[in-house]
Amino acid sequence: MISSVNRTDKFILIAAIAIFVLLHIYQINSPPNGYHKWRESDTAAIILNYYQEDANFMHQRCNQRGANSGITAGELPTYAYSSFILYNLFGPHHFLPRLLSLAGGLIALWFFRKNIKILANERVAIYSTIALAFSPMFLFYSFKIMPDMWMLMFLLGAVYYFLKYAESSSLKHFTLSAILMILSATTKPLSLCLYLPFLVYILNKSENKRQAFLKMAVYCAVTFSITLAWFLYGRYLNSIHQSQAIYMGENLYKSLELTLQPMFFKKLFLQWPVEIWIGWALAPAFIYGAIILWKNRQGRFLFIWIVASYIAFALVSVNSRRLDYYTLVIVPPLAAISGWGLAELISKSKFRKVMIAFILIILPAVTAMRIYHRFAPVPEFDLIRADAQKHIPREALVIVQETTTSTRLYQMNRHGWPARDELTLEKIQTLIEMGGNYLVLDSPIEINENDLKTLVTDSAIQIGPLYGYRTIKPD
């Protein structure tokens, strides 16, 4: 393989990154929407509540709080709090956290290129960076108002400084890697699966295996203990404030159940690897790259990273089989293998022009088409928020019919309870007794079969396409 980089390679990289950035103009200021809009709404609500209620970094506040304070625990809120700072400077606009997601993606790509340059060479690094940028999953989550792209950004930074540490034994590199690993793992603990490839890499690079093992033990002890302390603090915080959110509490340990159901194998072995992790367009390059690495006995770090990721996915299979963003950690090594294949293919002169056209036209188009259905316009958002502001006092507690945990509450910018599943008389009556002032439904209360109209007084208040009612307080 040609390892040197020429002007064409640099042009392809710059053009590909420019296309990556330009794609983000689409719906740049849109509210939470489409696939995982409930998770976007959770994050957006925490950002907005920092802005409207309390700027205490340690006190994230959700909307699905009932009559409580809403103080809850989740990932370390570096992304949410950075968005809040931008809200303070420019006002509460959705394009600000989306720009932070894009920035996280670009920094992740920068770190990734530097990582692959260490593991391979500059040429493979360029094409691996392009493969990562146009992974359907990477591209999609660089749009979303979610912290996951920052998790990956921190993780790839941690990888870079660890690779440097393995070469230099520099305390500076150790410290930077540990800090970035903690920032990543306190966002998504699956980042800790990198311990395994880190261990193999540092043992391979060191003549003194015992000393290398001790270095890795110290690294693991420092990063794991601080990460664990953060999540235990979150558990404590939820027990104190009785948060209605599901981030912590008993769910902290329930998420670790090993439940390897057929869906786990179907999605994580058959569907997602080609569909959203690598992308159909890059599948041939991935296969070619994997063959090259296998024949040349290269890429050990990448293959161990993939194995470690699957072990982590199995340990949290309750979530990893349902929520694809839990699997974002596996995308970089797959992209690196695809990049290896791309670099080899484009080095063959008879394929060169075809490959350039493929990388700059077909690949972005195919990836964009793959994730397009995951976005959806939300024309009712501004109307719902304006009507809620007009008719429902800010301090009122709202019971809202929801199919998710938090979408409608965020759209109204109100606090209260999401009423999911069947709206029974007993359920709504209990929530009213707990302090619910308004009941907001998808359809007029008259057509409800459970006699909910006995729990409200006034005629319907139009909240965009929704129907709001004042509740009758129990005697």
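The chain is numbered in sequence order, starting from 1.
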Where do Glu402 and Gln64 land on the side chain to side chain contact (heavy atoms under 4.5 Å, CB included) test, with the steps shown first? CA-CA 11 Å; Glu402 281 265 24; Gln64 59 273 35; over 6 Å; no
Please determine whether side chain to side chain contact (heavy atoms under 4.5 Å, CB included) holds for the pair Ser83 and Leu96, giving the CA-CA distance in whole Å, both sets of side-chain angles, and the decisive distance to 0.1 Å. CA-CA 7 Å; Ser83 300; Leu96 294 170; over 6 Å; no
Run the side chain to side chain contact (heavy atoms under 4.5 Å, CB included) check on Ile46 and Tyr50 step by step: do they pass? CA-CA 6 Å; Ile46 287 169; Tyr50 271 136; 3.8 Å; yes
Could you walk me through whether Phe140 and Phe375 pass the ring-ring contact (aromatic ring centres under 6.0 Å, His included) test, one step at a time? CA-CA 9 Å; Phe140 177 68; Phe375 299 94; 5.4 Å; yes
Might you work through the side chain to side chain contact (heavy atoms under 4.5 Å, CB included) test for Thr327 and Leu268, ending with a clear yes or no? CA-CA 9 Å; Thr327 66; Leu268 277 78; 4.2 Å; yes
Is there a salt bridge (charged side-chain N to carboxylate O under 4.0 Å, His left out) between Arg374 and Asp324 once you walk through the steps? CA-CA 13 Å; Arg374 289 185 164 213; Asp324 59 9; 2.6 Å; yes
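Around atom OH of Tyr372, no more than 12 heavy atoms belonging to other residues, nucleotides or ligands sit under 6.0 Å away. Open room surrounds CZ on Phe224; 12 or fewer heavy atoms of other groups in view lie less than 6.0 Å from it. For Tyr236, the OH atom counts as loosely surrounded, since its 6.0 Å shell holds 12 or fewer non-hydrogen atoms of other residues, nucleotides or ligands.
Between Asn63 and Asn49, the side chains place a donor N or O and an acceptor N or O closer than 3.5 Å (distance only, hydrogens not considered). Residues Tyr160 and Ser177 bring no donor and acceptor atom of their side chains to less than 3.5 Å of each other. Under 3.5 Å, the side chains of Ser30 and His94 contain no donor-acceptor pair of N or O atoms. A donor-acceptor contact closer than 3.5 angstrom is absent between the side chains of Ser184 and Thr187. No side-chain donor from either of Asn238 and Arg235 sits under 3.5 Å from a side-chain acceptor of the other.
Residues satisfying the side-chain contact (heavy atoms from CB on, under 4.5 Å) criterion with Ala460, sequence neighbours excluded, are Tyr467, Tyr469. Residues passing the salt bridge (charged side-chain N to carboxylate O under 4.0 Å, His left out) test with Lys144, sequence neighbours excluded: Glu40. Residues passing the side-chain contact (heavy atoms from CB on, under 4.5 Å) test with Arg385 are Leu48, Phe381, Tyr410, Asn413, sequence neighbours excluded. Under the side-chain contact (heavy atoms from CB on, under 4.5 Å) criterion, Pro465 pairs with Glu380, Ile384, not counting sequence neighbours. Taking Gln429 as the reference, nothing meets the side chain to side chain donor-acceptor pair (under 3.5 Å) condition, with sequence neighbours excluded. For the side-chain contact (heavy atoms from CB on, under 4.5 Å) test, residues two or more places apart in sequence or in another chain that qualify with Thr457 are Arg470, Ile472.
Not less than 6.0 angstrom separates the ring centroid of Phe162 from the ring centroid of His173. Between Phe174 and Tyr219, a ring centre-to-centre spacing shorter than 6.0 Å is recorded. Two rings, from Tyr87 and Phe84, have their centers 6.0 Å or more apart. The aromatic ring centroids of Phe269 and Tyr310 lie less than 6.0 Å from each other.
The side-chain contact (heavy atoms from CB on, under 4.5 Å) test with Cys62 singles out one residue from Thr72, Thr43, Leu409, and that residue is Thr72.
The shortest non-hydrogen separation linking Phe138 to Gly105 is CZ-O, 3.5 Å.
Between the CZ atom in Arg39 and the CG atom in Asp148 there is a gap of 6.5 Å [rounded to 0.5 Å]. Taking CG of Leu132 as the start and CG of Leu152 as the end, the distance is 6.5 Å to the nearest 0.5 Å.
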